[in-house]
Amino acid sequence: MEKSYDPAEVEGRIYDFWISSGLHKSEITNSAKVFSIVIPPPNVTGSLHIGHALNNTIQDILIRYKRMKNFDVLWVPGTDHAGIATQMMVEKELASEGLTKNDLGRDKFLERIWQWKENSGSRITEQLRRLGALPDWEMERFTLDEGLSEAVRKVFVDLYSQGLIYRDKRLVNWDPELRTAISDLEVEQRETRGNYWYIRYPIEGDDGLSVTVATTRPETMLGDTAVAVHPDDPRYSALVGRNAVLPLVGRKIPVIADEYSDPEKGTGAVKITPGHDFNDFEVGKRNGLDIINILDERGYVEGDVPEKYSGLERFEARKAVIKDLEDGGFLVKVEQTVHMVPYGDRSGAVVEPWLTDQWYVNAGELAVQAISCVERGDIRFHPRFWENTYFEWMKNIEPWCISRQLWWGHRIPAWYGPDGEIFVAANEHEAIACAEKHYGEEVTLVRDPDVLDTWFSSGLWPFSTLGWPQDTEELGHYYPTSCLVTGFDIIFFWVARMIMLGLKFMDDVPFRDVYVHGLIRDAKGRKMSKTTGNVIDPIDVIEKYGADALRFSLAALAAQGRDIKLTFPVIEGYRNFMNKIWNATRFVFMNLEPGLVYDSDVDSSRLSVPDRWILTRLNVTLGEVEGFIENYEFDKASQALYHFIWDDYCDWYLEISKFSLYGEDGESKKTTLNVLVRVLLRSLRALHPFAPYITEEIFRIFGEKGVSLPESEGLGSKSILDVQYPTPSENEMFKDESEQVELVKSVVTGIRNLRAIMGVHPSDKVSIHLNSESGEIEDVLRENLEIIFGMSSLGDCVVCGGDFQGKAISEVVSGVEIVMPVENLLDLEKEISRLSKDLAKVSQELKKTEGKLANSDFIKRAPEDIVEKERGKLDEFQSHKKKLEEILRKLSAV
RNA sequence: GGGCGGUUAGCUCAGCGGGAGAGCACCUGCCUUACAAGCAGGGGGUCACAGGUUCAAAUCCUGUACCGCCCA
């Protein structure tokens, strides 16, 4: 083995081994234990960012863990066609060739995107492999696969036939740059600096009488069809029912009373533009107002407007309108303001409310079940508080606009007859049949040119990937899936829709648990973005530190309900941990004895005190880790393993083992080696979901070295993944011996401290006197003298030698007085001050404990074990204090 | 404006009713044949603030302040 772990050398080889061994493949058995996950499909155009790395690390941990727990596991990988994102990207590519999609035409353009997908669409899944993610690649799906498209068509047709999908003419969020409708969720409200323009609208037939309205979008006045005031606003009551004359246009528009108008805001009178504002649209509906459209699909002024504005881009039109209002004396004042402006999340363009025909899903009705299933606990969010966010949105859900004026995506399965009659069908053939029945003759149908919102197809992902609408074996076996791992940013976009559609079409929830992880931020807590230039590319990290270090870092930082600030020193720390494991293994291999069988049933009577201690610590840790993983507490699970392996196994057990390994007693040596190997192997298995590469590699080397392992430790298994996940064994928990080692450890640390204070060179031997008031403790010390000697490099040690009278420095630890004779105290003052500090601390603790025990309420009301514990503390503190005082008295006398 | 998180060691964060913890950084000493990507030792915190509940509060409740996110 090399001196340092080299992930670059290992990872590719191990991944190929997993695939060639078929370890990724799922297998349906008749096991009752099933665990399935569907990947949140990344955009096919994307490349792996650090958020994907977190998301997929967690899924991979769960999958590997459950596989080792003998579950039937399935992890479905795949990608999303990502309508807008992909189309934009290919359009951009075309633009660099001086072409537009219209030059190619629909079919050629789609051909081009497919071609792109064939060539470059597997980039992100390749990168997932680098991370060590091991989904069942044979189950890989793409949202535009034929099977998934069939699912989409069926869902559309069924929902349409039930009236849950319908076509409607209403205002939508229109992205003038992409020239498509987008859903509410794709609109980002951003605080933007702007102005309030106060515009005076003269009242018809009354010179000098006017009403002033304020607006942030003055150009929309061209489409005004009313002025609204509050019914109870006395300032305007006389005007209600009269007409205002729209400046620049000359149109007469009524002054109406409507509660929408807020007397507190602006002038209390508002202009109403039903064609270009969501609220005004509602006011218009209530009051039977005309709707005037003044914009085309690009956001240029058109329609029934004065000639001079026609053809102007919307912001140019704004300037022109303002100038003309000013010139005409209609502009009363301008006020600077900060207000919310809607932007398209993809294009970054200002979104316009625009009146069009679009397809909608009646989300309100689907939400009813989706809400109650979470209320009932059929689906549980982790952490729980995300359920509030979910409920809040679901209870106020709006119709979901699902049509997009794009080419890339699932084309809407709707055809129009010559008179506009709609025929929705799974395919053209059926649509024609329906149409013939309807018209009684053959007619030409025109298919709806639009495609569906990408989230419509990904909303079906948990069952469409398993073969629905076919009744496949996978669907029966793996649905509902066990857990969904996702970021909170797509709870509405995706999670909510999967729940609605899963309940509707599968009659069951799509998943039992939703684990919501945080967002990865940079060292300063900022979002990572290309423009800020603070992105950490997971592939770079993998190349520099290895996939295991990255995975372990992400797991260790994944505290529930919190974002993750990822920094290189942390990753480096866990890279070092991998190296630590590597070197511990090297140590074990250096001491392996050829032909020795590392059976897991060592005669327990042979186990030494440290053996029993490390086994206990292992089993405690294994129990913790299991609980943590089951609760999605990956931070705690990984940290428990980290501390066990580094602190307990490497820093103490491995060091202690040397006394036996380098000693003369053959039997003891054999037992120690057995324990060393067993604990290492079980740790590796426990660690495998977190750090799959290094653990598999070490397991492989064990096989290569011909080490004879018992079956329970993986004998005969080609992969560590095929060995059972280690579980704590009750009969390897030794309470007494564990406490003994903890005592010995604190004494050793105490001695080392005294050595450090005196500046004793590590290789110099020193003499020590140990005293305790407890004979029991002294027995423990005597029984473990070899460890104390070795671990603190002693030349001589007297246990219970009574008071030592010569020059010495001392320390009191766990009821043991440690006395180290010295030739001369270098700094008496410093020594006194050090011990006085200890004394002050103990005295304070003692006082607190005494206070508690003197309190009759405490004795009466506190549980007995707490009181008992407090009594124990009293003894300990008293003896500690007494010893310190004696030492200090002696020192002062010098 | 409504909702949800957060405020603990210099930094990043665990702990969430019974003796204040980790990693990094810092200080001191060590290249001790597993590892200098390391070893050993050490310093460092009125747990944001104010009330309350309790025998007992960093931990539960109420309020305040500040930071962040989501929705209007």
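Values reported hereafter were calculated over all heavy atoms of this structure, with side chains retained and with hydrogens, waters and symmetry mates removed. Just so we're on the same page: letters track the sequence lines, and every chain starts at 1. These figures come from a predicted structure and were not determined experimentally.
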Engineer: For B/rG10, which nucleotide in any strand shown is its Watson-Crick or wobble partner with both distances under 3.5 Å?
Structural biologist: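 Its partner is B/rC24 (Watson-Crick or G-U wobble, both distances under 3.5 Å).
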Engineer: If B/rC30 has a Watson-Crick or G-U wobble mate with both distances under 3.5 Å, name it; if not, just say none.
Structural biologist: B/rG38
Engineer: Using the P atom in both, what is the distance from B/rA25 to B/rC16, to the nearest Å?
Structural biologist: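 Roughly 27 Å separates the two P atoms.
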Engineer: Does A/Lys658 qualify as a cation-pi partner of A/Tyr662, given the criterion of NZ or CZ under 6.0 Å from the six-membered ring centre and within 45 degrees of its axis?
Structural biologist: no
Engineer: Mind checking A/Pro383 for me? I need base, sugar-phosphate or nothing, with any heavy atom below 4.0 Å counting as a touch.
Structural biologist: nothing
Engineer: Taking only the side-chain heavy atoms of A/Leu654 (C-beta and beyond), determine which of B/rA34, B/rA14, B/rU12 contains the nearest atom.
Structural biologist: B/rA34
Engineer: When only distance counts, do a donor and an acceptor, one from the side chain of A/Gln560 and one from the base of B/rA14, lie under 3.5 Å apart?
Structural biologist: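 Checked by distance alone, the answer is no.
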Engineer: Would you indicate whether A/Lys527, at its atom NZ, is surrounded by more than 12 heavy atoms from other residues, nucleotides or ligands within a distance under 6.0 Å?
Structural biologist: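 Not buried by this count: 12 neighbours or fewer within 6.0 Å.
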Engineer: Looking at the base of B/rA37, is there any donor atom on it, or on the side chain of A/Arg575, that sits under 3.5 Å from an acceptor on the other one?
Structural biologist: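 By the distance-only test, yes, there is a pair.
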Engineer: With a 3.5 angstrom cut-off on both distances, give the Watson-Crick or G-U wobble partner of B/rG45, or none if there isn't one.
Structural biologist: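 Result: none.
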Engineer: For A/Gln639 and B/rA22, what is the distance between atoms CD and P respectively, to the nearest whole Å?
Structural biologist: 12 Å
Engineer: Answer yes or no: does a side-chain N or O of A/Asn591 lie under 4.0 Å from OP1 or OP2 of B/rA34?
Structural biologist: no
Engineer: Respond yes when some side-chain nitrogen or oxygen of A/Trp646 is under 4.0 Å from OP1 or OP2 of B/rC39, and no when none is.
Structural biologist: yes
Engineer: Pick base, sugar-phosphate or nothing for A/Tyr649, based on heavy-atom distances below 4.0 Å to the nucleic acid.
Structural biologist: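 Nothing, no nucleic acid heavy atom in range.
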Engineer: Expressed as a whole number of Å, how far does the C1' atom of B/rG21 sit from that of B/rU33?
Structural biologist: 35 Å
Engineer: Identify whether any heavy atom of A/Glu633 sits under 4.0 Å from a base atom; if not, whether one sits that close to sugar-phosphate; answer base, sugar-phosphate or nothing.
Structural biologist: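 Since no nucleic acid heavy atom lies under 4.0 Å of A/Glu633, the category is nothing.
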Engineer: Which part of the nucleic acid does A/Asn855 contact within heavy-atom distance under 4.0 Å: base, sugar-phosphate only, or nothing?
Structural biologist: sugar-phosphate
Engineer: Begin from the C-alpha positions of A/Asp611 and A/Tyr653 and carry the test side chain to side chain donor-acceptor pair (under 3.5 Å) through to its verdict.
Structural biologist: CA-CA 8 Å; A/Asp611 292 341; A/Tyr653 184 71; 2.5 Å; yes
Engineer: Closest approach to the side chain of A/Ala559, judged atom by atom: which nucleotide of B/rC70, B/rA37, B/rA14 is it?
Structural biologist: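 Side chain of A/Ala559 sits closest to B/rA14.
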Engineer: Just compare B/rC39, B/rA14, B/rC30 and give me whichever is closest to any side-chain atom of A/Asp651.
Structural biologist: B/rC39
Engineer: Hey, are A/Glu655 and A/Lys745 close enough for a salt bridge, meaning a charged N less than 4.0 Å from a carboxylate O?
Structural biologist: no
Engineer: Provide the distance between the two P atoms, one in B/rU12 and one in B/rA20, to the nearest whole Å.
Structural biologist: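 Pairwise P distance, B/rU12 against B/rA20, rounds to 24 Å.
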Engineer: Without decimals, in angstroms, what is the distance between A/Lys524 NZ and B/rC11 P?
Structural biologist: 15 Å
Engineer: Atom NZ of A/Lys580 to atom P of B/rG38: distance rounded to whole Å?
Structural biologist: 7 Å
Engineer: Can you identify which nucleotide, out of B/rA14, B/rC35, B/rC24, has its nearest atom closest to the A/Arg562 side chain?
Structural biologist: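 For A/Arg562, the side-chain atoms sit closest to B/rA14.
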Engineer: Less than 4.0 angstrom between a side-chain N/O of A/Asn753 and OP1 or OP2 of B/rG42, yes or no?
Structural biologist: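 True: A/Asn753 side-chain N/O within range (under 4.0 Å) of B/rG42 OP1/OP2.
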Engineer: Between B/rU7 and B/rA48, how far apart are the two C1' atoms, rounded to whole Å?
Structural biologist: 6 Å
Engineer: Closer than 4.0 Å, any side-chain N/O of A/Lys837 to the OP1 or OP2 of B/rG44?
Structural biologist: yes
Engineer: Measure OH/A/Tyr574 against C1'/B/rA22 and give the value in whole Å, please.
Structural biologist: 8 Å
Engineer: Can you check side chain to side chain donor-acceptor pair (under 3.5 Å) on A/Glu186 and A/Ser183, steps first, answer last?
Structural biologist: CA-CA 5 Å; A/Glu186 289 161 284; A/Ser183 75; 3.0 Å; yes
Engineer: Round to a whole Å and report the spacing from CD1 of A/Ile656 to P of B/rU32.
Structural biologist: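 That distance rounds to 21 Å.
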Engineer: Mapping A/Gly573 and A/Phe488 to their closest nucleotides on RNA chain B, which lands nearer the 5' end?
Structural biologist: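 Here A/Gly573 is the residue nearer the 5' end.
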Engineer: Distance check, C1' atoms only: B/rC49 and B/rA65, in whole angstrom units.
Structural biologist: 7 Å
Engineer: Return the nearest nucleotide to the side chain of A/Pro762; candidates are B/rU32, B/rA34, B/rG3.
Structural biologist: B/rU32
Engineer: Hey, does A/Gln639 have a side-chain heavy atom less than 4.5 Å from the side chain of A/Lys636?
Structural biologist: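 Side chain of A/Lys636 against side chain of A/Gln639, heavy atoms only: no contact under 4.5 Å found.
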Engineer: Please check: side-chain N/O of A/Trp582 versus main-chain N/O of A/Glu2, any donor-acceptor pairing under 3.5 Å?
Structural biologist: yes
Engineer: Counting side-chain heavy atoms from C-beta on, which of B/rC71, B/rA34, B/rG5 comes nearest to A/Phe385?
Structural biologist: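 Closest nucleotide to the A/Phe385 side chain: B/rG5.
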Engineer: Please determine whether a side-chain nitrogen or oxygen atom of A/Tyr390 lies at a distance below 4.0 Å from atom OP1 or OP2 of B/rC71.
Structural biologist: no
Engineer: Counting side-chain heavy atoms from C-beta on, which of B/rG2, B/rG41, B/rC35 comes nearest to A/Thr749?
Structural biologist: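 Of the options given, the side chain of A/Thr749 lies nearest B/rG41.
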Engineer: Among the nucleotides B/rC35, B/rC30, B/rA40, which one has an atom lying closest to any side-chain atom of A/Arg752?
Structural biologist: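 Closest of the options to the side chain of A/Arg752: B/rA40.
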Engineer: In whole angstrom, give the distance that lies between atom NZ of A/Lys658 and atom C1' of B/rA40.
Structural biologist: 13 Å
Engineer: Can A/Glu817 and A/Lys883 be counted as an ion pair, charged N to O under 4.0 angstrom?
Structural biologist: no
Engineer: Go through B/rC4, B/rG42, B/rU12 for me and flag the one nearest to the A/Asn388 side chain.
Structural biologist: B/rC4
Engineer: Report which part of the nucleic acid A/Glu572 touches: base, sugar-phosphate, or nothing (heavy-atom distance under 4.0 Å, all strands).
Structural biologist: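 No contact.
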Engineer: Counting the atoms with a prime plus P, OP1 and OP2 as sugar-phosphate, which does A/Lys3 contact under 4.0 Å by heavy atoms, base, sugar-phosphate, or nothing?
Structural biologist: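 The residue A/Lys3 makes sugar-phosphate contact but no base contact.
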Engineer: Rounding to the closest angstrom, what is the interatomic distance between B/rC26 and B/rC71 at atom C1'?
Structural biologist: 45 Å
Engineer: Suppose you measure atom P in B/rA22 against the same atom in B/rA34; what distance do you get, rounded to whole Å?
Structural biologist: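 Going atom to atom, P in each nucleotide, I get 27 Å.
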Engineer: To the nearest Å, give me how far apart CZ (A/Arg521) and C1' (B/rC69) are.
Structural biologist: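 The distance from CZ of A/Arg521 to C1' of B/rC69 comes to 8 Å, rounded to the nearest Å.
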Engineer: When you get a sec, tell me which of B/rU12, B/rA34, B/rA72 is the closest nucleotide to the side chain of A/Lys565?
Structural biologist: B/rU12
Engineer: Using atom P in both nucleotides, what's the gap between B/rG15 and B/rG6 to the nearest angstrom?
Structural biologist: 10 Å
Engineer: If each of A/Phe858 and A/Pro7 is mapped to the nucleotide of RNA chain B with the nearest heavy atom, which maps nearer the 5' terminus, i.e. the 5' end?
Structural biologist: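 The residue closer to the strand's 5' end, by nearest nucleotide, is A/Pro7.
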Engineer: Are there more than 12 heavy atoms of other residues, nucleotides or ligands under 6.0 Å from atom CZ of A/Arg526?
Structural biologist: yes
Engineer: Using whole Å, report how far CD1 of A/Ile866 lies from C1' of B/rA56.
Structural biologist: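 Spelled out: CD1 on A/Ile866 to C1' on B/rA56 is 9 Å.
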Engineer: Which base sits across from B/rG5 as a Watson-Crick or G-U pair, both distances under 3.5 Å?
Structural biologist: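 Its partner is B/rC67.
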